[in-house]
Amino acid sequence: MTLPNPAEESEDGEEEIDYRFTLANERTFLAWMRTSLGLLAGGVAVHTLVQPLRMSGLRRTLAMSCIVLAVIIAVGAYGHWRRVGRAMRNGEPLPDTIMVPILSAGIAVVSVFACVVVLFR
């Protein structure tokens, strides 16, 4: 079984990307954006709904870590979407992403902050 070529030349010499690959790239972008929106909502919820803690700044640190990670993921998702689209149009290998390690490390940091908040409540 052969995989379809993501880019084929059109009559005018430009590369046309198979719409399935374009849509897959878009779905991946939207998944990163959903993750970013979830982190943003979590940060706003922590800031708004969590009662002030004995140690000042813990609630704000937890909320801001979620919000900052949301911004990083949203910006990174756009950049990755653009790089993948360009690689497909040029018939190049798909680029690696730094998004997975960033998200993994970011969630680990947020989790540590959440543990500290729970312990020092």
Side-chain angles (χ1 to χ4, degrees):
M1 177 166 111
T2 60
L3 294 174
N5 183 6
E8 295 179 5
E9 243 180 76
S10 67
E11 294 173 6
D12 59 0
E14 287 190 19
E15 299 267 340
E16 285 188 28
I17 302 172
D18 185 334
Y19 70 90
R20 295 172 291 180
F21 294 98
T22 303
L23 294 175
N25 188 28
E26 186 176 303
R27 281 191 304 274
T28 303
F29 169 75
L30 293 173
W32 284 112
M33 294 307 290
R34 281 191 303 274
T35 302
S36 179
L37 284 171
L39 285 163
L40 178 62
V44 170
V46 165
H47 186 267
T48 304
L49 302 175
V50 172
Q51 299 297 320
L53 304 169
R54 285 186 301 203
M55 291 184 67
S56 66
L58 279 181
R59 179 180 68 159
R60 181 167 292 157
T61 301
L62 179 58
M64 287 306 297
S65 63
C66 288
I67 293 168
V68 167
L69 185 57
V71 170
I72 291 169
I73 295 300
V75 171
Y78 177 74
H80 183 68
W81 173 76
R82 294 282 309 253
R83 285 189 304 277
V84 168
R86 187 178 317 115
M88 287 191 303
R89 281 189 303 280
N90 295 333
E92 301 168 353
L94 296 181
D96 289 333
T97 181
I98 190 76
M99 298 288 293
V100 174
I102 287 174
L103 184 60
S104 297
I107 293 295
V109 168
V110 169
S111 298
V112 168
F113 284 144
C115 286
V116 169
V117 167
V118 168
L119 288 175
F120 292 105
R121 191 154 202 236

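Along the sequence shown, residues are numbered consecutively beginning with 1. Values in this document were obtained by computation on a predicted structure and should not be read as measured data.
The two residues Met99 and Ala77 have their closest heavy-atom pair at CE-N, 3.4 Å. The heavy-atom pair separating Pro95 from Arg83 by the smallest distance is CG-CB, 3.8 Å.
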Expected list for residues 64-72: side-chain donor-acceptor pairs under 3.5 angstrom, two or more places apart:
from, atom 1, to, atom 2, distance (Å)
Ser65, OG, Thr61, O, 3.2
Ser65, OG, Leu62, O, 2.8

Pair up each side-chain donor or acceptor in residues 100-115 with any protein partner under 3.5 Å, not counting sequence neighbours, and list the distances.
from, atom 1, to, atom 2, distance (Å)
Ser104, OG, Val100, O, 3.0
Ser111, OG, Ile107, O, 2.8

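Between the side chain of Arg59 and the backbone N or O of Val50 there is at least one donor-acceptor pair closer than 3.5 Å.
Between the CG atom of Asp18 and the CG atom of Leu23 there is a distance of 9.0 Å, given to the nearest 0.5 Å.
Note on residues 27-50: no pairs pass side chain to side chain donor-acceptor pair (under 3.5 Å), not counting sequence neighbours. Among pairs with a residue in residues 68-80, those fulfilling side chain to side chain donor-acceptor pair (under 3.5 Å) read Tyr78-Arg82, at least two apart in sequence or across chains. Listed by first and then second residue, the ring pair (Phe, Tyr, Trp, His ring centres under 6.0 Å) pairs involving residues 48-72 amount to none (not counting sequence neighbours).
Evaluation of the side-chain contact (heavy atoms from CB on, under 4.5 Å) rule for Glu92 yields Ala87, Asn90 as partners, not counting sequence neighbours. Partners of Phe29 by ring-ring contact (aromatic ring centres under 6.0 Å, His included), not counting sequence neighbours, listed by chain and number: Trp81.
The same ILVMFWY cluster, assembled from side-chain heavy atoms under 4.5 Å apart, contains both Leu119 and Val117.
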